[in-house]
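A quick write-up on the structure given underneath.
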Amino acid sequence: MNRFRMIAALALIYMVFAILLNSVGTVILQSIYTFGVDKPQASLLELFKDLPVAVTSFLVASFLPLLGYRRAMMIALGIVACACVLMPLYPSFHTTELLFTCVGVSFALTKVAVYSSIGLLTNDRSEHGRLTNTVEGLFMIGVLIAGWLFSAFVDHGKPANPSWLNVYWVLAVICVLVIALLATSRLDESAARTEETKSMHGSLLEMLHLFLRPLVYVFLASAFLYVLIEQSFSTWLPTFNNEILKLPNAMSIQMATILAGASAVGRLVAGQLLRRMRWYALLNICVLGMGLLVMLTLPLAHGVVARADIGWLNAPTAAYLIPLIGVLMAPIYPVINSVALSSLPKPAHAAMTGLIVIFSALGGTLGSRITAIVFSRFDGIHAFYFSLVPMLLILVTLFFFKRETDRAGTTTVSITLAGK
């Protein structure tokens with residue numbers, strides 16, 4: 001088994017999908033200009049991305065061990081590479097919808113395969129945690145790269161110019177290179193094949209049994225609300241920067257990467273804080289801080305006037321402050337995931353992970369859709385103010401989540417801030 005080559009392949013795959021998944025906000029902005037679609041229609045790209053993730057995740061765990069993790073990753077990359085090639089060859093909004101459908105299906109295959117492969121490449125819990133953190137950390141680097149990569153292909157003088165579609169040639173080449181790396185690597189998957197993996201019925205039944213636990217209900221509600229908030233900001237921040245803060249298209253995309261950087265910082269800092277304080281206290285502080293930051297910074301976005309000489313040194317203050325919500329937002333998702341999984345027996349972890357992916361995808365789609373409708377009917381400031389509603393609701397679900405984990409007998413939880 002080529003351990004180093006496989007680890008490199010896993011890291012590169014996650015970076016590729018980080019770029020593609022987190023380009024949706026940029027593509028929404030550019031689709032409005034290039035293809036002339038309105039905001040509600042453009043927001044459907046979230047649906048085309050997230051719904052396939054949810055459906056595929058529900059089905060994939062049952063047959064993926066038989067298909068093979070390495071083979072599944074190669075198939076996923078092949079699908080995405082073909083979809084990327086179609087973008088510059090047949091530029092249209094329908095091609096964009098097809099692209100994100102392919103990305104959603106492929107990411108569901110990839111995420112299950114990557115996490116399962118990590119278990120095959122490590123010998124103990126400590127190794128597993130380190131490798132998981134490394135792979136998820138590189139996912140965040142991919143998120144940062146996405147904004148800068150796409151903005152490099154945007155025509156600053158003519159935002160509607162379809163030249164930005166040429167970025168997909170670069171992404172297609174990267175996919176082919178990673179496929180070649182996987183094809184020349186070896187992974188021993190014998191430990192992943194058991195009698196249970198041969199039955200789709202057994203895997204689906206195990207997932208349905210989880211709904212008998214109140215803990216699962218309140219956790220899924222918390223995860224759903226979190227992703228609803230997170231996707232609202234991450235998807236629509238480029239458009240907010242462009243239309244409300246009057247920044248050029250390329251700069252709007254670049255400024256939005258501050259959110260990804262802030263999220264990375266938030267997870268690193270939270271990892272240290274959790275050694276000294278309880279997870280429930282930390283998450284309540286994070287949610288309340290998010291609400292306070294929204295109320296203090298959004299008024300600064302009112303009345304911004306477009307300027308010809310706009311640049312990083314004279315950009316509106318709100319452009320720097322609003323993305324800092326990522327520092328407070330980032331710890332919530334990995335912490336509740338870890339607490340939930342640690343409160344369940346290990347045989348239920350795979351089924352629970354499937355539910356996490358499904359409800360995260362649904363939350364992302366709904367969050368983007370709600371933000372798009374409010375953004376279109378009112379403006380971006382009102383759309384971001386609306387995020388205060390799910391923030392209030394998540395405080396309620398966290399209270400019941402804490403109560404259920406206490407009932408489950410969870411007294412000490414070892415939390416790894418690995419990320420989505």
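A pairwise comparison of heavy atoms in Cys286 and Pro331 identifies SG-CG, 4.2 Å as the closest pair. For the pair Ala330 and Ser263, the tightest heavy-atom approach, listed with the atom from each and the gap, is CB-O, 3.2 Å. Considering all non-hydrogen atoms of both residues, Leu313 and Tyr320 come closest at N-OH, 4.3 Å. Pairing each heavy atom of Ser387 with each of Val294, the nearest pair is OG-CG2, 4.1 Å. Of all non-hydrogen atoms in Ala42 and Ile32, the two that sit nearest each other are CB-CG1, 4.1 Å. Between Arg70 and Leu182, the shortest heavy-atom contact is NH1-O, 2.9 Å.
Put simply, the side chain of Phe48 does not reach to within 4.5 Å of the side chain of Val24, judged on heavy atoms. Taking the side chain as every heavy atom from C-beta outward, Val114 and Met73 approach each other to under 4.5 Å. Taking the side chain as every heavy atom from C-beta outward, Leu29 and Tyr33 approach each other to under 4.5 Å. Contact of the Leu99 side chain with the Leu86 side chain is not registered, since no non-hydrogen atoms from C-beta on lie closer than 4.5 Å. Taking the side chain as every heavy atom from C-beta outward, Leu300 and Pro316 never approach each other to under 4.5 Å. With contacts defined as side-chain heavy-atom distances shorter than 4.5 Å, the pair Tyr14/Leu10 does not qualify. Considering only heavy atoms from C-beta on, Phe35 stays 4.5 Å or farther from Gln30 through its side chain. No side-chain heavy atom of Leu283 sits less than 4.5 Å from a side-chain heavy atom of Lys402.
Checking Tyr280 against Asp406 by side-chain atom types alone, no donor-acceptor pair falls below 3.5 Å. A donor-acceptor contact closer than 3.5 angstrom is absent between the side chains of Ser23 and Thr26.
Between the side chain of Thr34 and the backbone N or O of Ala160 there is at least one donor-acceptor pair closer than 3.5 Å. Looking at Asn166, its side chain never comes within 3.5 Å of a backbone N or O of Phe153 through a donor-acceptor pair. Formation of a donor-acceptor pair under 3.5 Å by the Thr397 side chain with backbone atoms of Ile394 is found in this model. Thr110 contributes a side-chain N or O that, together with a main-chain N or O of Ser106, makes up a donor-acceptor pair within less than 3.5 Å.
His94 NE2: 12 or fewer foreign heavy atoms inside a 6.0 Å radius.
From Asn242, atom CG reaches atom CE of Met255 across 12.5 Å, with rounding to the nearest 0.5 Å.
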Requested in this report: Tell me, with the steps shown, if Leu388 and Met295 meet side chain to side chain contact (heavy atoms under 4.5 Å, CB included).
Outcome: CA-CA 9 Å; Leu388 294 171; Met295 290 187 289; 4.0 Å; yes
Report task. Would you sort out whether Ile322 and Asn241 count as a side chain to side chain contact (heavy atoms under 4.5 Å, CB included), showing the intermediate values? Result -> CA-CA 10 Å; Ile322 292 174; Asn241 288 340; over 6 Å; no
Query - Residue pair Met290, Ile229: steps toward the side chain to side chain contact (heavy atoms under 4.5 Å, CB included) verdict - result: CA-CA 10 Å; Met290 286 164 57; Ile229 298 167; 3.8 Å; yes
Query raised in the report: So Val85 and Trp169, side chain to side chain contact (heavy atoms under 4.5 Å, CB included) or not? Walk me through it.
Result: CA-CA 6 Å; Val85 169; Trp169 289 116; 4.0 Å; yes
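Using bins of under 30°, 30° to 60° and over 60° for the plane-to-plane angle, the ring pair Phe17/Phe107 lands in the tilted bin. By the 30° and 60° cut-offs, the orientation of the rings of Phe384 relative to Phe233 is tilted.
A ring-centre distance under 6.0 Å is found for Phe401 and Trp279.
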